[in-house]
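First up is the structure itself, then whatever we jot down about it.
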Amino acid sequence: MVKFCSFKENWAARDTIEVAQDLLGKLLVRKLDSQNLLVSQIVETEAYLGVEDPACHSFGGRKTPRTQVMFENPGTCYVYFIYGMYHCLNLVTGNGEAVLIRALAPLTGFASDDFKNKSLSGPGKLCRRLAIDKNFNGSNLLSTKEDLFIADPQETEHLLHKDFHAGPRVGIDSAGDAAHWPLRFGLKDSPYLSRPKF
DNA sequence: AGCCCGATGTCCT
DNA sequence: GGACATCGGGCTA
């Protein structure tokens with residue numbers, strides 16, 4: 001069994017790029033029911049830099065029913081619905097900034113198919129597989145009491161050589177200059193990246 | 001009220 | 001590489 005411990009309350013209250021990089025290798029834990037605990041490792045993230053980032057939902061200080069959670073406490077969960085059929089999971093870092101969780105590696109609790117099917121390699125796919133929807137919007141992603149949370153692995157062997165790629169974010173084409181900002185991060189050589197190329 | 005398009009994924013050629 | 005499914009959010013009016 002994978003052991004984990006919780007983060008400090010202010011773990012996410014840091015520079016968003018730093019949090020996005022630091023999330024690589026951390027655990028995402030999903031409790032479906034008392035029998036079913038899915039533990040995965042975060043292998044790919046993207047940083048969204050708030051009101052000054054044209055690709056960010058809160059760009060220009062937009063405060064709407066959708067984006068309001070991006071301005072809540074660091075550690076808050078932001079889930080949005082996209083393309084009429086997918087959800088995407090984010091960790092709020094405050095001030096309208098957030099980190100998108102783009103890909104996971106299965107660790108424990110998963111079906112053997114999940115280890116070959118790439119069912120966690122993409123922001124929409126991982127939410128579908130983990131049954132994440134807007135019910136989690138606004139929840140506390142740093143609390144181990146929740147049914148969905150991020151935690152620190154006790155056995156840090158995967159983290160010792162945490163080399164990662166950085167590259168442009170996916171699906172950001174019409175954001176001008178910001179389309180090229182290297183704000184996508186992925187663990188090097190992970191077979192579970194949403195796309196191997198950076 | 002209406003319009004456009006998107007932080008995606010899948011299937012096709 | 002390109003089409004497209006499918007619908008809520010945000011902007012215009």
Side-chain angles (χ1 to χ4, degrees), chain A residues 12 15-24 26 28 40 42-72 74 76-106 113-139 141 148 150 164-187 190-198:
Chain A
D15 176 75
T16 302
I17 293 175
E18 195 181 315
V19 173
Q21 295 173 350
D22 207 0
L23 274 172
L24 299 174
K26 304 301 192 220
L28 183 70
S40 57
I42 297 169
V43 299
E44 183 180 330
T45 61
E46 278 177 3
Y48 285 84
L49 303 184
V51 300
E52 306 203 338
D53 178 357
C56 186
H57 291 160
S58 64
F59 176 59
R62 258 193 314 251
K63 279 187 185 160
T64 64
R66 181 175 65 151
T67 62
Q68 58 121 338
V69 299
M70 302 183 80
F71 294 90
E72 288 180 13
T76 300
C77 179
Y78 171 42
V79 176
Y80 65 87
F81 187 62
I82 190 81
Y83 295 117
M85 53 186 100
Y86 299 107
H87 294 275
C88 291
L89 172 67
N90 299 255
L91 173 69
V92 170
T93 55
N95 301 309
E97 308 193 19
V99 178
L100 171 68
I101 309 299
R102 285 196 54 90
L104 304 167
D113 279 353
D114 292 312
F115 290 84
K116 37 188 178 180
N117 279 355
K118 303 280 186 178
S119 58
L120 301 170
S121 300
K125 285 199 280 189
L126 71 89
C127 284
R128 187 177 57 193
R129 178 63 184 89
L130 298 186
I132 294 168
D133 59 23
K134 289 177 98 171
N135 289 321
F136 288 104
N137 195 43
S139 68
L141 264 182
L148 176 69
I150 294 165
F164 60 85
H165 300 278
R169 294 172 291 184
V170 177
I172 311 294
D173 32 277
S174 57
D177 198 34
H180 311 296
W181 297 353
L183 297 180
R184 172 180 174 234
F185 308 105
L187 276 188
S190 170
Y192 294 101
L193 297 173
S194 67
R195 38 189 87 181
K197 195 161 162 42
F198 276 76

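Sequence lines set the chain letters: A, B, ... in the order given, protein chains first and strands last, and positions in each chain run from 1.
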My understanding is that a pair needs two contacts under 3.5 Å, Watson-Crick or G-U wobble. By that rule, which nucleotide pairs with C:dT6? none
For the pair made of CG in A:N137 and P in C:dG9, what is the distance, rounded to whole Å? 10 Å
When we call it a touch if two heavy atoms are under 4.0 Å apart, what does A:K134 touch: a base, just sugar-phosphate, or nothing? sugar-phosphate
Taking donor-acceptor contacts at under 3.5 Å, does the side chain of A:Y83 reach the base of C:dA5? no
Any idea which of B:dG9, C:dG10, B:dT8 is nearest the A:K125 side chain? B:dG9
Looking at A:R102, does any N or O in its side chain come under 4.0 Å of the phosphate oxygens OP1/OP2 on B:dT8? yes
Whole-Å distance between C:dG8 P and A:M85 CE? 12 Å
Considering every strand and a 4.0 Å limit on heavy-atom distances, what is the contact class for A:G124: base, sugar-phosphate, or nothing? sugar-phosphate
Which whole-number value in Å describes the distance from A:Q68 CD to C:dG10 P? 11 Å
Just by distance, no angles: are the side chains of A:T93 and A:T16 close enough, under 3.5 Å, to form a donor-acceptor pair? yes
Determine the contact category for A:L100: base if any of its heavy atoms lies under 4.0 Å from a base atom, sugar-phosphate if only primed atoms, P, OP1 or OP2 are that close, otherwise nothing. base
Would you mind reading off the distance between A:R195 atom CZ and B:dA7 atom P, rounded to a whole angstrom? 13 Å
A:S194 near the nucleic acid: base, sugar-phosphate alone, or nothing, with a heavy-atom cut-off under 4.0 Å? nothing
Considering only NZ, NE, NH1 and NH2 on the basic side and carboxylate oxygens on the acidic side, decide whether A:R129 and A:D113 come within less than 4.0 Å. no
Closest to the side chain of A:F81, out of C:dC7, C:dG9, B:dA7, is C:dC7
Check whether any side-chain heavy atom of A:Y78 sits under 4.5 Å from a side-chain heavy atom of A:L100, and report yes or no. no
So that I can tick it off, tell me whether A:R102 and A:E46 are bridged by a salt bridge, with the cut-off set at under 4.0 angstrom between side-chain N and carboxylate O. yes
Are A:Y80 and A:H87 close enough that their ring centres sit under 6.0 Å apart? no
Please tell me which of the listed nucleotides, B:dA7, C:dG10, C:dG8, lies nearest to the side chain of A:H57? B:dA7
Output the rounded distance in Å from CG (A:D173) to P (C:dG2). 13 Å
OP1 or OP2 of B:dT10 versus the side-chain N and O atoms of A:R128: is any pair under 4.0 Å? yes
Integer-rounded Å distance: B:dT8 P and A:R169 CZ: 11 Å
Please report the distance, rounded to the nearest Å, between NE2 in A:H87 and P in C:dC7. 12 Å
Side-chain N,O (A:T64) to OP1/OP2 (C:dG10) below 4.0 Å: yes
Tell me yes or no: between the side chains of A:T67 and A:R62, is some donor less than 3.5 Å from an acceptor? no
Measure from the side-chain heavy atoms of A:R66 and tell me the nearest of B:dT10, C:dG10, B:dT8. C:dG10
For a quick test of reading the model: is some side-chain N or O of A:R62 closer than 4.0 Å to OP1 or OP2 of C:dG9? no
Mind checking who B:dA7 pairs with, Watson-Crick or G-U wobble, both distances under 3.5 Å? none
Find the distance A:N117:CG to B:dT10:C1' and express it as a whole number of Å. 14 Å
